[in-house]
Amino acid sequence: MREVESAEKYEVVVREYEAEKDRSGAEAVDRMCDVSPSGGVSLFMDHLGDPVCRVRNSPAFLMLVAETCGPGNGEIVGVIRGCVKTITCGKTTPRSSAGGGMAAGEAVPIFTKAAYILGLRVSPSHRRMGIGLKLVKRLEDWFRSNDAEYSYMATDKSNLASLRLFTHHLNYTKFRTPRILVHPVFAGHRLPLPSSTTLLHLPPSSAESLYRRIFSTTEFFPRDIDSILNNPLSLGTFLAYPTQSFSYTTIHHFLTRPPKSWAVLSVWDSSSLLQFELRGVPRLKKGMAWTTRAVDKAVPWLRIPSVPDLFSPFGGYFLYGIGGEGPEADKMLRVLCRNAHNMAREGGCRVVATEVAAGEPLVKGIPYWRSLSFEEDLWCVKRLADEYRDGAVVGDWTRSVPGTSIFVDPREV
């Protein structure tokens with residue numbers, strides 16, 4: 001199915017991406033469009049020959065291209081990706097446990113089918129022609145055909161063109177402002193793990209049981225969490241708690257008798273899908289970063305925090321499913337982040353990253369460098385459906401008060 005629109009002199013065809021035909025053109029558009037439009041340093045993304053990689057692991061996904069017909073016939077000038085999944089959008093407290101197996105007063109999740117837009121790019125030479133608007137509208141039509149009730153997207157708060165498109169022309173509203181936290185991987189040395197903390201590598205089935213217990217009512221929690229945990233890109237789920245005289249043999253044992261403090265996270269191998277590169281960095285800063293690596297290599301016993309080479313293509317690991325309880329939960333989480341750093345070092349990565357809610361209570365346990373991080377990402381949302389199909393949701397999610405935590409799906413990073 002094709003949709004043909006006019007953009008000044010050009011006829012523009014908006015259609016589904018065809019790998020063999022469109023790969024080089026789509027990659028060219030992506031290369032021309034940096035992630036940060038504010039000028040100066042820019043983060044470039046390489047999809048490693050698969051422009052669909054950022055949505056391919058989702059339950060339902062689609063990539064569209066905009067192609068000119070006329071002058072410059074057959075040129076790809078725009079791309080967009082999207083996916084649809086079932087996630088938690090809120091919670092409710094039943095008055096009774098009849099038929100549900102839940103105790104009275106225990107919160108249960110409210111699920112919705114939500115769509116996510118990412119990777120919208122339009123060639124600089126073809127902007128201000130309405131191509132981005134056409135791509136989004138066509139993708140929204142596909143969302144509706146897949147019964148999505150909401151659509152949301154993420155952008156840099158300084159990307160005024162993107163915000164104008166979505167909030168002024170497409171009726172999206174500003175919704176959440178999570179933080180993207182990035183920590184460099186020190187190639188010269190491993191980070192020590194204290195013997196006072198015990199680490200458990202959970203099998204996917206145990207991780208699923210734990211996550212459904214602690215995150216089922218958290219915003220954006222995916223109902224198919226089992227698919228994520230069993231994906232080959234998910235390198236493991238790790239549980240940390242203070243070393244004690246006894247150990248946990250099963251997840252049921254842990255859930256029925258948890259320690260006073262504990263933390264959990266999972267590690268996702270983003271480097272197998274994407275490579276990044278910082279461009280536009282001043283030579284002086286590059287030289288200073290090189291100096292830290294040289295000194296760290298020469299005197300590794302000093303454990304100097306060195307800046308890895310982020311000015312050539314590099315990969316990273318993404319931390320998701322961050323949670324925990326107790327007065328020392330942030331301490332336990334810091335140990336887990338150190339373990340993830342060591343995993344990334346062994347995997348040849350140069351950064352470890354995560355994304356958390358603006359009010360995440362465990363943020364003190366997440367080490368990051370402010371110079372590499374984004375303190376305020378911006379998510380915008382739009383309600384697509386006129387009515388709720390199952391009648392379970394009261395009110396409009398777009399107007400809900402943000403919770404302290406969110407669950408960021410690693411499949412769409």
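Worth knowing before you read on, the calculation uses all heavy atoms, side chains too, and leaves out hydrogens, waters and symmetry mates. This chain uses plain numbering: 1 for the first residue, then up along the sequence.
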Legend entry - Pairing residues for T250 by the side-chain contact (heavy atoms from CB on, under 4.5 Å) criterion, not counting sequence neighbours: H252, H253
Inset, instruction - Taking side-chain contact (heavy atoms from CB on, under 4.5 Å) as the test, write out the residues that go with S123, two or more places apart. - result: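 By the side-chain contact (heavy atoms from CB on, under 4.5 Å) rule, S123 matches V29, M32, V77, S125, H126.
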Legend entry - Aromatic centroids of F220 and W379 separated by under 6.0 Å: yes
Inset, instruction - Taking the six-membered ring for Trp and the full ring for Phe, Tyr or His, determine whether the centres of F44 and F276 are under 6.0 Å apart. - result: no
Legend entry - side-chain contact (heavy atoms from CB on, under 4.5 Å) between L165 and M153, intermediate numbers included: CA-CA 12 Å; L165 170 64; M153 50 76 69; over 6 Å; no
Roughly how far, to the nearest 0.5 Å, is [atom2] of [Y] from [atom1] of [X]?
X: K382; Y: T398; atom1: NZ; atom2: OG1; answer: 11.5 Å
X: Y116; Y: S58; atom1: OH; atom2: OG; answer: 10.0 Å
X: E149; Y: L384; atom1: CD; atom2: CG; answer: 9.0 Å
X: T217; Y: E106; atom1: OG1; atom2: CD; answer: 9.5 Å
X: L202; Y: L229; atom1: CG; atom2: CG; answer: 9.5 Å
X: F407; Y: S216; atom1: CZ; atom2: OG; answer: 11.5 Å

Taking all heavy atoms of [X] and all of [Y], pick out the closest pair and write down the distance.
X: I80; Y: V136; result: CD1-CG2, 3.7 Å
X: D226; Y: N230; result: O-ND2, 2.8 Å
X: L274; Y: V413; result: CD1-O, 3.8 Å
X: R127; Y: C33; result: NH2-SG, 3.4 Å
X: L48; Y: S272; result: CD1-O, 3.9 Å
X: A115; Y: A148; result: CB-CB, 4.0 Å

Would the distance check show the side chain of [X] and the main-chain N or O of [Y] forming a donor-acceptor pair, the cut-off being under 3.5 Å?
X: R212; Y: R223; value: yes
X: R23; Y: D50; value: no
X: S206; Y: I251; value: no
X: D377; Y: P178; value: no
X: N231; Y: S227; value: no
X: N339; Y: V335; value: no
X: K157; Y: E376; value: no
X: E360; Y: L362; value: yes

Inset, instruction - Show the numbers, then the answer: is there a side-chain contact (heavy atoms from CB on, under 4.5 Å) between T112 and I87? - result: CA-CA 6 Å; T112 188; I87 62 173; 4.2 Å; yes
Are [X] and [Y] close enough that some pair of their side-chain heavy atoms sits under 4.5 Å apart?
X: L265; Y: V267; answer: yes
X: S162; Y: L120; answer: no
X: D46; Y: E277; answer: no
X: F215; Y: T88; answer: no
X: Y241; Y: P258; answer: no
X: S373; Y: I180; answer: no
X: I225; Y: I228; answer: yes
X: H341; Y: F186; answer: yes

Inset, instruction - Begin with the C-alpha distance, continue with both residues' side-chain angles, and end with the deciding distance and a verdict on side-chain contact (heavy atoms from CB on, under 4.5 Å) for L62 and E16. - result: CA-CA 7 Å; L62 179 69; E16 188 171 346; 3.6 Å; yes
Legend entry - Results of salt bridge (charged side-chain N to carboxylate O under 4.0 Å, His left out) for R81 - residues two or more places apart only: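 Per chain and number, R81 pairs via salt bridge (charged side-chain N to carboxylate O under 4.0 Å, His left out) with D30.
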What side-chain donor-acceptor pairs closer than 3.5 Å can you find for residues 313-328, not counting sequence neighbours?
unit_1, atom_1, unit_2, atom_2, d
Y320, OH, S234, OG, 2.6

Legend entry - More than 12 heavy atoms of other groups within 6.0 Å of W369 CH2: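 Yes, enclosed.
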Can a side-chain donor-acceptor contact be found between [Y] and [X] if the only test is distance below 3.5 angstrom?
X: T243; Y: S196; value: no
X: S266; Y: Y211; value: yes
X: T197; Y: R334; value: no

Legend entry - Sole residue of Y150, W397, Y152, F166 in ring pair (Phe, Tyr, Trp, His ring centres under 6.0 Å) with F175: W397
Inset, instruction - For residues 167-180, pull every pair meeting side chain to side chain donor-acceptor pair (under 3.5 Å), keeping only residues two or more places apart or in separate chains. - result: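 Passing the test, one end in residues 167-180: E140-Y172, S151-Y172, R176-E219, R176-S400, R179-Y368, R179-E375.
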Legend entry - Steps toward side-chain contact (heavy atoms from CB on, under 4.5 Å) verdict (V65, R15): CA-CA 6 Å; V65 298; R15 58 173 175 79; 3.7 Å; yes
Inset, instruction - Can you tell me which residue pairs pass the salt bridge (charged side-chain N to carboxylate O under 4.0 Å, His left out) test with a partner in residues 185-197, sequence neighbours excluded? - result: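 Sorted result for residues 185-197: R190-E346.
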Inset, instruction - Would you mind telling me which of D296, T291, V185 makes a side-chain contact (heavy atoms from CB on, under 4.5 Å) with S306? - result: D296
